[in-house]
2 protein chains.
Amino acid sequence: MADAPRSARALARETLTREILTAARARLATDGPAALSLRAVARDVGMVSSAVYRYFPSRDALLTALIVECYDELGAAVERADAAVPDRDDVAARWLAACHALRAWAVAHPGELGLLYGTPVPGYAAPRDTVDPATRVVRVLVAVVADAHRAGADARPAPDDAPDIGELVDPARQFVAARGIVADAPTELVTRVLMAWTTLFGTVSFELFGHLVGSVTDPAQWYDAVARRLAADLGIR
Amino acid sequence: MADAPRSARALARETLTREILTAARARLATDGPAALSLRAVARDVGMVSSAVYRYFPSRDALLTALIVECYDELGAAVERADAAVPDRDDVAARWLAACHALRAWAVAHPGELGLLYGTPVPGYAAPRDTVDPATRVVRVLVAVVADAHRAGADARPAPDDAPDIGELVDPARQFVAARGIVADAPTELVTRVLMAWTTLFGTVSFELFGHLVGSVTDPAQWYDAVARRLAADLGIR
DNA sequence: GCAATGGCAAGAGCGGTGCTCTCGTTTGTG
DNA sequence: CACAAACGAGAGCACCGCTCTTGCCATTGC
């Protein structure tokens, strides 16, 4: 993947591929994912539409490349925010940093967020390549909560009348176990992390898609309030 | 709106309008909102595409009609579920009934949910007509929580380090006050209801858009677990 | 009872889309 | 140097939203 392109043609190919992706990202921001037009992208880079097919075999392939790139960018942003907290034992600060990085990226790239988490593009089915980059964000959240758990934090107990859901979250538990984050995560902790992740995404989604306009004065402040309450529900102090 | 159509022409118009909407709903379910093609709908009802413009001035107008219809349908379903609980004091049962009605409708109409809550359709801006039907669902949730509050329930207290967000949720508070649901709802209760609504939507959205596949074995059971924990966070017993 | 009005379906046409194919040209390599 | 692969351009196919014109026919006014 990282060997230096020797020939002039290979270098031109790499440059043009990047240029196409960049132009597509720009179009994504203005027009939204569903309206991403391969012809418009081609015009933006000064190509004829058929020439783009030399670089991406189909519109779906271009979408896949964009999705992977965006997942990685978002994941990297959240990882960086967590890593930037000097005191690794200050899990509350790490949680908030990760949460805020998530929203910051989303607000800066609304079209891309729609591509990643919005309505699936009609004919498009996400290939396998996209699932691993997709997990980067939630992996950071899990890691922070796991550190908090090791330091004694505990999620809210399940309600008394709630049915047992031990094996319900087994896939998630195995996911974190396989990555060596927590060997045997408690059910209630896994549950609350998943809920928190859902709430964070829902909050950002509501803001960007305009479902928060009549409810809250300042979306940024609201998001912060949500993130803090989620931390409390996870036992993070 | 409800006067009987006298002339044969007016009746035919009403019938065809309904037929177009029904066909559009069917297309929505199979193709998704962004790919809703006016020409395809026209074919389905045995019309030529230009004839549809006699009934809807544009594709956006058709979308708006669909959105209003779907919001109303979803809102009615949730209202019905709440109203069907015989013991009005059993707020826990009412909460779960409303939550499950929400998911049931969403699972039965994934395309429509994408239209309502997914990525906004590129060139489309939702007109004023859609905002009131959009609030029906959340109004039910608020009403249930308000009844629970009157019976003594209280939301989780805010975390100690959380900034004051009293006026942040003022628009939401005024919304419920204006409708006579609760005169002066406590900030933390409003906050938790908004969070719960966000989480419910996020959970359904994650399930329908495929972001839950590797985390949870049974989406229905998972949704139930989430709804119960949200109830607990709201102090509903 | 008849003619004018106006609602209506149909068709052609505009510019846009994803995608395929062909045709010269350019580039790297045996 | 020659051959093959890579490439850009263009034409063309079927589809899209939307507009305009044409002609039919029910409703309405005289």
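A, B, ... follow the sequence lines: proteins, then strands. Residue 1 opens every chain.
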Indicate whether any N or O donor in one side chain lies under 3.5 Å from an N or O acceptor in the other, for B:Thr199 and A:Thr198.
-> no
cation_pi(B:Arg13, B:Tyr55) dist<6.0 Å, angle<=45 | yes
Nearest-0.5 Å distance that lies between atom CZ in B:Arg43 and atom CZ in B:Arg27 | 6.5 Å
Round to the nearest Å and state the distance from A:Asp31 atom CG to C:dG16 atom C1'.
-> 13 Å
Between C:dG16 (P) and A:Arg27 (CZ): distance, integer Å = 12 Å
What distance do A:Leu230 atom CG and A:Trp197 atom CH2 have between them, rounded to the nearest 0.5 Å?
-> 12.0 Å
Grab the CG-C1' distance between A:Leu16 and C:dT26 for me, whole Å please.
-> 14 Å
When you list every nucleotide of DNA chain D with an atom under 4.0 Å from a heavy atom of chain B, which one comes first 5' to 3', and which comes last?
-> D:dC16 to D:dT27
N/O (side chain, A:Arg43) to phosphate O (OP1/OP2, C:dT17) under 4.0 Å | yes
Base, sugar-phosphate, or nothing: which does B:Tyr55 touch, judged by heavy atoms less than 4.0 Å apart?
-> sugar-phosphate
Closest-nucleotide 5' rank along DNA chain C - winner of A:Leu38 and A:Arg54 | A:Leu38
Could you tell me which residues satisfy side-chain hydrogen bond (donor to acceptor under 3.5 Å, both in side chains) with B:Arg54, sequence neighbours excluded, listed by chain and number?
-> none
Whole Å only: how far is the CZ atom of A:Arg39 from the P atom of C:dC19?
-> 11 Å
Taken to the nearest whole Å, CG/A:Asp60 to P/C:dT17 is 17 Å
Provide, to the nearest angstrom, the distance between the OH atom belonging to A:Tyr53 and the P atom belonging to C:dC21.
-> 12 Å
Taking the six-membered ring for Trp, are B:Tyr71 and B:Tyr117 parallel (under 30°), tilted (30 to 60°) or perpendicular (over 60°)?
-> perpendicular
Using a heavy-atom cut-off of under 4.0 Å over every strand shown, decide if A:Leu62 touches base, sugar-phosphate, or nothing.
-> nothing
Taking C:dT17, C:dG11, C:dA9 as options, the one with an atom nearest any side-chain atom of B:Ser50 is C:dG11
Nearest-Å distance, CE (B:Met47) to P (C:dG11)?
-> 14 Å
Starting at the 5' end of DNA chain D, which residue's closest nucleotide do you reach first, B:Ser37 or A:Arg9?
-> A:Arg9
Assign B:Ser58 to base, sugar-phosphate, or nothing according to its heavy-atom contacts below 4.0 angstrom with the strands shown.
-> sugar-phosphate
Using a heavy-atom cut-off of under 4.0 Å over every strand shown, decide if B:Arg59 touches base, sugar-phosphate, or nothing.
-> sugar-phosphate
All side-chain hydrogen bond (donor to acceptor under 3.5 Å, both in side chains) counterparts of B:Glu167, not counting sequence neighbours | none
